[in-house]
Amino acid sequence: MTALAIAVLVAVLFPVASLARDRKPVKLGAAALDSIAAPLNVDMIMRSDSIVGDTVFFSTDEPEPSAYDVWEEREVTFNPDPTRAVWLSALFPGLGQIYNRRYWKLPIVIGGYLGLGYATSWNNGMLNDYTRAYRDLMDTDPTTNSYMNFFPPNTDESTLDRTWLTNIMQSRKNYFRRNRDLCIIAMVGVYLLAMVDAYVDASLSHFDITPELSMDVQPAVFYETRGMRPAVGLNWAINF
């Protein structure tokens, strides 16, 4: 009977001793125990804490953070595609520069197009006026005299030299036609230049510019074998 009582006592006290070894016991009264256990969730008590009699055991072991909970800083290097930059620039001037993240070049491209577009429109309007005036001057209809719009209202047409007037109208017509054509050619040039700039900028976005690359320019004196006087020049050295 005594051996059986000892075995039961060991079976009861052994789990309690093992549990008390890893937990911090806090001795509480019955009223305090009820006030703590009431708002606690049953699952949380079974998972984190244990209550044995009037003693509450709080676990001191914190769970290890998951790999998804750890924030790691990443350095993402933007690598533009030269082919995509060219196609975007061909689709609309300036899109290639935006794709390459060279935003400061966008006002240059757009400003060049707006300026050349306005110059083309203005020169084309002047060309139309002088072309109509030259055509009216060359025909035989006296009612078509749009060329008089270039003179003050009180100017007498009979006092004008028609040969001189014909030369003036023709030269002005050719002048504004030339300016209009040059503006159109310049717009095409800006369009192609924007494409080339987008391609080159995307290709050289990761060009090595480490401190090992350097250029040194300094004056130097060179001695020529053909003459007695030395030559003065520049010594240009590239280190890489």
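Just so you know, residue 1 is the first one in the sequence shown, and it goes up from there.
- Listed by first and then second residue, the salt bridge (Lys or Arg N to Asp or Glu O under 4.0 Å) pairs that reach into residues 173-184 come to none, sequence neighbours excluded.
- A donor-acceptor contact shorter than 3.5 Å links the side chain of Y191 to the backbone of A90.
- Within the model, atoms CD of Q170 and CG of L165 stand 11.5 Å from one another, a figure rounded to the nearest 0.5 Å.
- Here the CZ atom belonging to R172 is positioned 7.5 Å from the CE atom belonging to M126, to the nearest 0.5 angstrom.
- How far CG of N124 is from CG of N179: 11.5 Å, rounded to the nearest 0.5 Å.
- Remark: V217 pairs with M215, L234, W236 by the side-chain contact (heavy atoms from CB on, under 4.5 Å) rule, at least two apart or across chains.
- In this structure, T131 OG1 and D136 CG are separated by 10.5 Å, a value rounded to the nearest 0.5 Å.
- When the side-chain contact (heavy atoms from CB on, under 4.5 Å) test is applied to P153, no partner is found at least two apart in sequence or on another chain.
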Solution key, residues 116-123 side-chain donor-acceptor pairs under 3.5 Å, sequence neighbours excluded:
{"residue": "T120", "atom": "OG1", "partner": "L116", "partner atom": "O", "Å": "2.7"}
{"residue": "N123", "atom": "ND2", "partner": "A119", "partner atom": "O", "Å": "2.6"}

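- Take I110 and apply the side-chain contact (heavy atoms from CB on, under 4.5 Å) test, not counting sequence neighbours, and it matches F92, L106, L114.
- Under a hydrophobic-cluster definition in which Ile, Leu, Val, Met, Phe, Trp and Tyr are linked whenever side-chain heavy atoms come within less than 4.5 Å, directly or via other members, L192 and I185 are assigned to different clusters.
- Panel note: side chain Y113, backbone M187; a donor-acceptor pair is recorded below 3.5 Å.
- Here the CG atom belonging to N100 is positioned 10.0 Å from the CG atom belonging to D81, to the nearest 0.5 angstrom.
- Residues passing the salt bridge (charged side-chain N to carboxylate O under 4.0 Å, His left out) test with R102, sequence neighbours excluded: D201.
- Here the closest non-hydrogen pair linking V109 and G94 is CG1-N, 4.1 Å.
- Closest approach of T144 and Y147 over heavy atoms only: O-CE2, 3.9 Å.
- Residues meeting the salt bridge (charged side-chain N to carboxylate O under 4.0 Å, His left out) test with D129, sequence neighbours left out: R132.
- The side-chain hydrogen bond (donor to acceptor under 3.5 Å, both in side chains) analysis of residues 86-99, with sequence neighbours excluded, yields the pairs Q97-D197.
- With sequence neighbours left out, V232 forms a side-chain contact (heavy atoms from CB on, under 4.5 Å) with no residue at all.
- R162 meets the salt bridge (charged side-chain N to carboxylate O under 4.0 Å, His left out) test with E157; sequence neighbours excluded.
- Note that CE of M195 is 10.5 Å distant from CG of L91, once rounded to the nearest 0.5 Å.
- Checked against side-chain hydrogen bond (donor to acceptor under 3.5 Å, both in side chains), N154 has no partners two or more places apart in sequence or in another chain.
- Remark: Y130 engages F150, F176 in a ring-ring contact (aromatic ring centres under 6.0 Å, His included) (not counting sequence neighbours).
- In this structure, the side chains of L160 and M148 come closer than 4.5 Å at one or more pairs of heavy atoms.
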